[in-house]
Amino acid sequence: MAKPPQGQQDFIRAIVSRDLDTHQFGGAVRTRFPPEPNGHLHIGHAKSLCVNFGIAGEFAGGRCNLRFDDTNPAKESSEYVESIREDVRWLGFDWEDRCFFASDYFERFHDYAVSLIKKGRAYVDSLSADDIRRHRGTLTEPGRDSPYRTRSVEENLRLFSHMRAGDFEEGAHVLRAKIDMASSNINLRDPTLYRIRRAPHHRTGAAWAIYPTYDFAHPLSDALEGITHSLCTLEFEDHRALYDWVLDECAVDCHSRQIEFARLNLTYTVMSKRKLTALVDEGHVSGWNDPRLPTLRGLRRRGYPPDAIRRFCEHIGVAKRDSVIDVRLLEHFVREELNARAPRVMAVLRPLRVVLTNYPDGDGEELPAVNNPEDPSMGARMVPFSRVLYIERDDFCDDPPPRYFRLAPGREVRLRYAYIIRCADVIRDERTGEIVELHCTYDPDTKSGSGGAVRKVKGTVHWVSAAHALEAEVRLFDHLFTVPDPDHDPEGREYRSLLNPNSLERLRGCRVEQALRDAAVGRRFQCERQGYFCVDDDSTGGQLVLNRIVALRDSWAKIAPGRSQETR
RNA sequence: UGGGGGAUCGUCUAGGGGCAAGACAACAGAUUUUGGAUCUGUGAACCCAGGUUCGAUUCCUGGUCCCCCAGCCA
């Protein structure tokens, strides 16, 4: 016997609980995640996944199926099926042995269609698509019956079998439900149930010449799988009457309850399949796995941990109101997860050479550094230190503003895990005046962990030893769009014109700690004081490429806006 | 000008005839060998108008605004 979860419930869980209490579905809870294999999953799908698998997991005996809604062979392919399965698995959901396809049910759908014809509830219409549209009426005017609406059952049966046999051209006929051409709900004005398609289907090949529409296939798929709660997004709200009509007319033994909830929108991005496809096809991004995209492949490559995505989806809740979630909430969960898990490392993105004039020449020394101050069990590592180092260009300022605690002429700063140094000389390019190198002195008594280390300085700065550092390319990402809601720009501009021209910044010649030498693709790190980074797919044996997943919170950027060279 | 939905802090989400709660964001402070993390605190909301009621954000009535629907897409 299923038991409802305790605690705060969203409206869907409340309905499921109530259905359990009233024995609506014999105590069962079955949901499904029903993607169409015509594109890649995005974080909006992750919300749906969390709702469907989440609810199934919370109620005893609950099950969630993965079901591919593959009723349109012209748009679908098995590559998408595999991509979707991979993404669902990556997020951590397990459909066990319940991966289904609507196409598995084609024969049964056909039989239901025949039964509808026999009952006089469906007919073959031979109007063109244009004429059907003209007969449909408008939002305020009723439609008109098709002249073919009164065909006899026998003729409908004969025509439908010829449709199935492939005797007609695409568009020559369709099978329509016979409901009500005057209905105020346009979905009920004799909706199309079957259309002729000559495209090969990715699973059934050329076996079928006719394919069911979503409105016919979806309720029947749910019924056949014993789905109790068919959860979908708001735009299907007025399809529910049709959903129920199909189930009422088709003599199935399970009548699922369709419940609609608001889809996920995120600030500074777009989520519609159409817009995402356009961004990829028009080359605004490098592909479906571009780290700036909200696709699951993009987020994965960017380095977003799946657990953070799930926790985000659980946190935002489920409701019916249209909303746009602040992407910073997602980033919060990414930081929270990575703060706990990611090993720390030092990396200099924009290197500035520093020579410690009083430090002995030679191999230098090795200094211990903790891997994660949040988690002592992650241990420590040795970091090479020597006479010539790199620090971040941003960590030196010729003419420091108030409250600038980093290095400046004559000032002191601590090198993380090492010594306090003082800037003695600024070496410039004679021609350009550009700072090429700093000459500093170090205080040997201030080594981290030693007695002299108790001396306080205002700032601590990260560094790498020039002779020991690895070179890397680092990619910094900013929002893909310049406005929070590119779907609804207040000035009415089209989303393409709102793309952020600076959403990708590639830094070459970055210097990173040796600890990254053999880091596998996908490994995540915190580069101290900068952010969380992930080893990109583009990395090769010789060239390390890092993606910045998300920057650390930067309180200096708030104190001195515009002072920091880094975006975000 | 048909039908279906929805309006609660800046953004999400709860609640519900009796002090409107949480998270993110913001702000202030403490702390810190990451200007990170952590901790403490502050500001911040019931679409409008009537009605019922001792009392309405909640119930009723009437508005206003927003979203979706006229595919042989899903």
Side-chain angles (χ1 to χ4, degrees), chain A residues 8-10 34-36 38 69 71-72 74-76 125 127-129 132-134 136-143 170-176 183-189 191-197 210-211 213-215 217-218 232-241 260 262 267 273-274 312 315-333 335-336 339-340 344 346 373-374 403-406 414-418 420 446 448-449 453-462 484 488 526-531 551-560:
Chain A
Q8 197 176 79
Q9 290 187 340
D10 54 67
E36 183 189 14
N38 72 340
D69 218 336
T71 56
N72 187 355
K75 297 186 173 178
E76 296 151 4
D125 196 351
L127 247 26
S128 69
I132 287 180
R133 178 166 45 75
R134 279 189 274 271
R136 186 151 30 228
T138 69
L139 294 180
T140 51
E141 301 161 311
E170 279 193 18
H173 311 276
V174 291
L175 184 73
R176 290 229 255 168
S183 174
S184 52
N185 180 347
I186 289 179
N187 297 114
L188 262 20
R189 317 238 264 230
T192 299
L193 266 22
Y194 264 94
R195 70 294 212 203
I196 297 168
R197 282 282 175 279
I210 55 173
Y211 292 90
T213 57
Y214 167 87
D215 283 317
H218 205 90
C232 61
T233 44
L234 255 26
E235 68 269 27
F236 293 104
E237 226 150 8
D238 47 16
H239 289 242
R240 192 172 59 236
E260 311 85 10
T267 53
K273 209 176 261 185
R274 192 194 108 237
F312 164 75
H315 186 88
I316 58 176
V318 189
K320 296 198 73 155
R321 106 171 73 166
D322 293 308
S323 61
V324 184
I325 312 264
D326 193 331
V327 71
R328 290 178 298 183
L329 184 59
L330 209 209
E331 293 173 345
H332 160 78
F333 285 102
R335 289 194 186 98
E336 186 177 76
N339 179 48
R344 314 283 123 128
M346 291 195 284
E374 303 292 320
R403 301 179 68 185
Y404 184 87
F405 300 146
R406 287 113 96 162
R414 171 170 289 283
L415 296 178
R416 179 86 162 144
Y417 298 122
I420 292 173
T446 58
S448 281
V454 293
R455 183 149 76 87
K456 302 279 189 214
V457 285
K458 281 281 197 178
T460 297
V461 145
H462 60 275
H488 307 99
Q526 183 197 102
C527 294
E528 293 214 24
R529 304 209 305 133
Q530 308 202 86
L552 248 26
R553 294 188 56 187
D554 184 358
S555 43
W556 171 245
K558 287 174 187 168
I559 296 167

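Per chain, numbering begins at 1; letters A, B, ... match sequence-line order. Not measured: the values here are computed from a predicted model.
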Mind listing the N/O atom pairs, protein and nucleotides 25-30 of chain B, below 3.5 Å?
unit_1 : atom_1 : unit_2   : atom_2 : d
B:A25  : O2'    : A:Arg328 : NH1    : 2.9
B:A25  : O2'    : A:Arg328 : NH2    : 3.0
B:A26  : OP1    : A:Lys558 : NZ     : 2.8
B:A26  : OP2    : A:Arg553 : NH2    : 3.3

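- At distances below 3.5 Å, at least one donor-acceptor pair connects side-chain atoms of A:Ser183 with backbone N or O atoms of A:Asn185.
- For A:Arg240 against B:G4, no side-chain N or O and base N or O form a donor-acceptor pair under 3.5 Å.
- One N or O donor and one acceptor, one from the side chain of A:Gln526 and one from the base of B:U34, sit under 3.5 Å apart.
- B:G22 and B:C69 have their P atoms separated by 38 Å, given to the nearest Å.
- Nucleotides B:G6 and B:C47 place their C1' atoms 12 Å apart, quoted to the nearest Å.
- No hydrogens or angles were tested; on distance alone, a donor-acceptor pair under 3.5 Å links the side chain of A:Ser448 to the base of B:U33.
- If you check distances only, the side chain of A:Glu237 never reaches the base of B:G3 with a donor-acceptor pair under 3.5 Å.
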(message) For a quick check, with a 4.0 angstrom heavy-atom cut-off, what is the B/S/- contact string for nucleotides 65-74 of chain B, read 5' to 3'?
(response) --SBBBSBSB
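- You won't find any donor-acceptor pair under 3.5 Å spanning the side chain of A:Arg529 and the base of B:U34, going by distance alone.
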(message) Could you write out RNA chain B as dot-bracket? Rules: Watson-Crick or G-U wobble, both distances under 3.5 Å, brackets [ ] for crossings, | for pairs with another strand, dot for unpaired.
(response) .((((((..((((....[..)))).(((((.......)))))....(((((..]....))))))))))).....
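- A:Ser448 and A:Arg414 are linked by a side-chain donor-acceptor pair at a separation below 3.5 angstrom, with hydrogens and angles left out of the test.
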